[in-house]
Amino acid sequence: PPIAQYLLLRTGDDLVISKKDQLGQPAVLDEDGNPLTNATISCQLPEIFDFVKQGEVVLFNDGKIEGVIKEVTSDELRVTITRAKEAGSKLRAEKGINFPQTTLALRSLTDKDKNDLAFVVKHADIVNASFVNSKQDVQDLLDELTRLEALEDINMILKIETRAAFANLKEILLTAMQTKYIGVMIARGDLAVEAGWDDIGRIQEEILLMCNAAHVPVIWATQVLENLSKKGLPSRAEITDVVSSLQSDCVMLNKGPYINDTLKLLNRILGKMESYQEKNESMLPKLVKA
């Protein structure tokens, strides 16, 4: 079977992000190892080219690779890699790109999303809305579901994965609560990259508190028991993370060859710890915005 390829990026390499819908290409080197052409990838959201600026940071693959934008044209971004593994970091297909320093005034609901929703409301029970940043993003989704006469028939999960979403969470929840069945997913992968590693602990706790106060169910997501699911052995930090997930209403796991073992361990841990969670109540500080 075909093997998924990757780009190997080292600190100091240049990477071109293209607006064109094309396959990624590795750098072409001469006999001395100097680049004749730079590695190239495409961006599935070409609207970002209207907002990014020279000097802003770009993160790839949940922040594992970091770069700085050196040049912006109408069709391309030239990025210099500033952080990667010493031997080079592998960038594979379908990995996320984050612009933590860029203000992206993008619509959460694209034209493609609207076309997809017509299919979703006929065949699904729940629709997930990614990168909800404001109450207007929620209102756009509600308006489209109303137009499709599906507002009372489908449930909504709002993925909170940016600093803007956290800052606007109160307005987002109040707008979403116009309909009956909603939930929130704490998408901790993108949220940690966007908000910063030092803030993700506080932010996820405040999201939980606010959603619990509003009686909105919460999904605890991203990298839960990831090592166990993929490699067959959990880390100690993962076990502690699972215990913290008891504050939520649902835990989401990622796929892996050991997913059955992961589900069994998750069930045992949550079963043993549930009574401890119910007995403890915290004296909580005032919520702090981003």
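Hydrogens, waters and symmetry mates play no part in the numbers below; they use all other heavy atoms, side chains included. We number each residue from 1, following the sequence as shown. Keep in mind it's a predicted model, so treat the numbers as computed, not measured.
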Taking only residues at least two apart or on different chains, which pairs with a member in [range] satisfy ring pair (Phe, Tyr, Trp, His ring centres under 6.0 Å)?
range	answer
residues 203-262	none
residues 65-84	none
residues 107-142	Phe119-His123

Just by distance, with hydrogens left out, do [X] and [Y] show a side-chain donor and acceptor under 3.5 Å apart?
X	Y	result
Glu226	Asn254	yes
Asn98	Asp190	yes
Glu56	Thr102	yes

With side chain to side chain donor-acceptor pair (under 3.5 Å) as the criterion, how do Thr146 and Asp143 come out once you've worked through the C-alpha distance, each side chain's angles and the decisive distance to 0.1 Å? CA-CA 5 Å; Thr146 300; Asp143 292 344; 5.3 Å; no
Applying the side chain to side chain contact (heavy atoms under 4.5 Å, CB included) criterion to Pro234, which one of Ile269, Ile239, Thr262 satisfies it? Ile239
Hey, which of Val120, Leu117, Ile126, Leu148 is the one that makes side chain to side chain contact (heavy atoms under 4.5 Å, CB included) with Ile154? Val120
Please report the shortest heavy-atom distance between [X] and [Y], naming the atom on each side.
X	Y	result
Arg78	Val16	NH1-CG2, 3.9 Å
Ile172	Lys135	CG1-N, 3.9 Å
Val72	Lys53	CG2-C, 4.1 Å
Asp249	Pro217	OD2-CA, 3.2 Å
Leu253	Val224	CD2-O, 3.5 Å
Lys159	Glu161	CB-OE2, 3.4 Å

What distance do [X] atom [atom1] and [Y] atom [atom2] have between them, rounded to the nearest 0.5 Å?
X	Y	atom1	atom2	result
Ile219	Cys211	CD1	SG	10.5 Å
Asp241	Leu225	CG	CG	7.5 Å
Leu266	Ser245	CG	OG	6.5 Å
Leu265	Ser229	CG	OG	11.5 Å
Ser42	Ile97	OG	CD1	8.0 Å
Lys272	Arg268	NZ	CZ	7.0 Å

Got a sec, which residues hit salt bridge (Lys or Arg N to Asp or Glu O under 4.0 Å) with [X], two or more places apart in sequence or on another chain?
X	answer
Arg147	Glu144
Glu76	none
Glu238	none
Lys114	none

To which residues is Leu29 joined in a hydrophobic cluster, defined by side-chain heavy-atom contacts under 4.5 Å among Ile, Leu, Val, Met, Phe, Trp and Tyr, whether direct or through other members? none
Under 4.5 Å side-chain heavy-atom separation, chaining through any Ile, Leu, Val, Met, Phe, Trp or Tyr, what else clusters with Val57? Say none if it is isolated. Leu59, Val193, Trp197
Check Asp199 with Arg202, please: is the shortest side-chain N to carboxylate O separation under 4.0 Å? yes
Would you tabulate the side-chain donor-acceptor contacts of residues 61-70 under 3.5 Å, counting partners in other chains and residues two or more places apart, or write 'none'?
{"residue": "Glu66", "atom": "OE1", "partner": "Arg83", "partner atom": "NE", "Å": "3.3"}
{"residue": "Glu66", "atom": "OE1", "partner": "Arg83", "partner atom": "NH2", "Å": "3.1"}

Salt bridge (Lys or Arg N to Asp or Glu O under 4.0 Å) pairs, two or more places apart, involving residues 14-29: none
Do Val132 and Val138 make a side-chain contact, defined as non-hydrogen atoms from C-beta onward lying under 4.5 Å apart? yes
Can you check side chain to side chain contact (heavy atoms under 4.5 Å, CB included) on Gln204 and Glu206, steps first, answer last? CA-CA 5 Å; Gln204 69 184 19; Glu206 294 198 9; over 6 Å; no
For residues 173-186, which side-chain donor-acceptor pairs fall under 3.5 Å, sequence neighbours excluded?
{"residue": "Thr175", "atom": "OG1", "partner": "Glu171", "partner atom": "O", "Å": "2.8"}
{"residue": "Gln178", "atom": "NE2", "partner": "Gln139", "partner atom": "OE1", "Å": "3.0"}
{"residue": "Gln178", "atom": "NE2", "partner": "Thr175", "partner atom": "O", "Å": "3.1"}
{"residue": "Thr179", "atom": "OG1", "partner": "Leu151", "partner atom": "O", "Å": "3.4"}

Which is it for Lys170 and Met210 under the side chain to side chain contact (heavy atoms under 4.5 Å, CB included) test, yes or no, and what are the steps along the way? CA-CA 8 Å; Lys170 180 177 71 174; Met210 197 174 296; 4.2 Å; yes
Apply side chain to side chain contact (heavy atoms under 4.5 Å, CB included) to the pair Leu191 and Ile200, showing each step before the final yes or no. CA-CA 7 Å; Leu191 188 58; Ile200 182 60; 3.8 Å; yes
Please determine whether side chain to side chain contact (heavy atoms under 4.5 Å, CB included) holds for the pair Lys90 and Leu7, giving the CA-CA distance in whole Å, both sets of side-chain angles, and the decisive distance to 0.1 Å. CA-CA 6 Å; Lys90 297 176 181 179; Leu7 301 181; over 6 Å; no
